[in-house]
2 protein chains.
Amino acid sequence: MSDLTTQQRPTRQRSALLEALANCHDFISAQDLHARMTAEGTRIGLTTVYRGLRDLEAADAVDVIQASAGERLYRWRPGDSHRHYLICRACGSSRPVDSEVVEEWAGRIASDSGFAAVEHTVELTGVCAGCQPATE
Amino acid sequence: MSDLTTQQRPTRQRSALLEALANCHDFISAQDLHARMTAEGTRIGLTTVYRGLRDLEAADAVDVIQASAGERLYRWRPGDSHRHYLICRACGSSRPVDSEVVEEWAGRIASDSGFAAVEHTVELTGVCAGCQPATE
DNA sequence: CTTGTTGCAAATTCTTTGCATGACA
DNA sequence: TGTCATGCAAAGAATTTGCAACAAG
């Protein structure tokens, strides 16, 4: 179960899911991803999308953020590079941010507090340049 | 609406909600808070609890974190002091953490990126000393 | 009396699960 | 042929809204 060598068949749906996600450079919800794939002609069930995303999350291949009402947004993570993003509240676009400082800080908190297995979630939101009202 | 002087009647339920929340020194869900109040003899509707918490959130009187499945947890914020916490995944207890470093970092990201109105969410979770297995 | 508040029930939204069919090795 | 994956439909969970009765000023 925790074994990465667990057999996993490369199916049409799984490939399509990976491709769709890789082509999407912003965070997207399972529902939206399914809708987009369907619109593009890929026949795939919503359940399969959810399952695929869950697997990718378990494999640490995607970054995940919590949207408002329990909705989760996923974003493909190329390599092991980024984990934290700055997201535009208006258009939804996201850009990775350098979070070294925060990583360090989290590590320090962990050792100072006596807590074990400390994990952190950091979400930055704002309004990107393109979405800001022209009004001064 | 954004006016703090907006009339708001001090009702029995609202006072009870505030008191229950102030007496609870950890994060708690709307459902649990309602259950606890009911168990203590306070007659209040679940809807009213949700509405009260929503108002408190809007007034910045509580800190909010996202639990797993779209569940939101609330914690009374005395004064304007703390905003970030380290939460035990095992027992749910929380302790405020010094987040000055993160505040600064977030501010720098904001100015560097060209984003406006940048807000940040930071959640730290771990296993507190009391919940760690005696093993080792 | 007038207006905001309450609370039950129904509706919404996102996500997960049961189970029979279908595909890959 | 034997598994694992798929996907429909139903279940589950948390939160929000409609609306009539109620309480405060």
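The sequence lines fix the lettering, A, B, ..., with proteins before strands; numbering per chain opens at 1.
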Q. Should A:Arg75 and A:Asp63 count as an ion pair when the cut-off is N to O under 4.0 Å?
A. no

**Q.** B:His34 NE2 - C:dG7 P separation (whole Å)
**A.** 8 Å

Q. Looking for any heavy atom pair under 4.0 Å, which part of the strands does A:Thr11 touch: base, sugar-phosphate only, or nothing?
A. sugar-phosphate

Q | Hydrophobic cluster membership, B:Leu56 vs B:Met37, 4.5 Å side-chain cutoff | A | yes

(Q) So does A:Val122 get a backbone contact from the side chain of B:His120, meaning a donor-acceptor N/O pair under 3.5 Å? (A) no

Q) In whole angstroms, how far is the P atom of D:dA14 from the CZ atom of B:Arg54? A) 19 Å

Q) Do any side-chain nitrogens or oxygens of A:Tyr50 fall under 4.0 Å of OP1 or OP2 in C:dT16? A) no

Q.
By the 4.0 Å heavy-atom rule, please label B:Arg72 as base, sugar-phosphate, or nothing.
A. sugar-phosphate

Q.
On the side chain of B:Arg51, is there an atom forming a donor-acceptor pair with the base of C:dG7 - under 3.5 Å, no angle test?
A. yes

Q. Could you state the CZ-P distance from A:Arg12 to C:dA25, rounded to the nearest angstrom?
A. 14 Å

Q | Rounded distance in Å - CZ (A:Arg43) to P (C:dA23) | A | 11 Å

Q) What's the CG-P distance between A:Leu73 and C:dC14, to the nearest Å? A) 11 Å

Q: Keeping the roles fixed (side chain from A:Ser15, backbone from A:Thr11), state whether a donor-acceptor pair exists under 3.5 Å.
A: yes

Q: Assign each of B:Thr47 and A:Thr48 to its nearest nucleotide of DNA chain D by heavy atoms, then name whichever residue's nucleotide is nearer the 5' end.
A: A:Thr48

Q) Is a donor-acceptor contact shorter than 3.5 angstrom present between the side chain of A:Ser29 and the base of C:dC14? A) no

Q) C:dT16 P sits how many Å from A:Leu53 CG, rounded? A) 10 Å

Q: For A:Gln31, report the nucleic acid contact type (base, sugar-phosphate, nothing); a contact means any heavy atom under 4.0 Å.
A: base

Q: Starting at atom CD of A:Gln66, determine the distance to atom P of C:dC14, rounded to an integer number of angstrom.
A: 13 Å

Q.
Using whole Å, what does the distance between atom P of nucleotide C:dA23 and atom CD of A:Gln13 come to?
A. 10 Å

(Q) Taking B:Ala20's backbone N and O only, do any of them form a donor-acceptor pair with B:Trp76's side chain (distance below 3.5 Å, no angle check)? (A) no

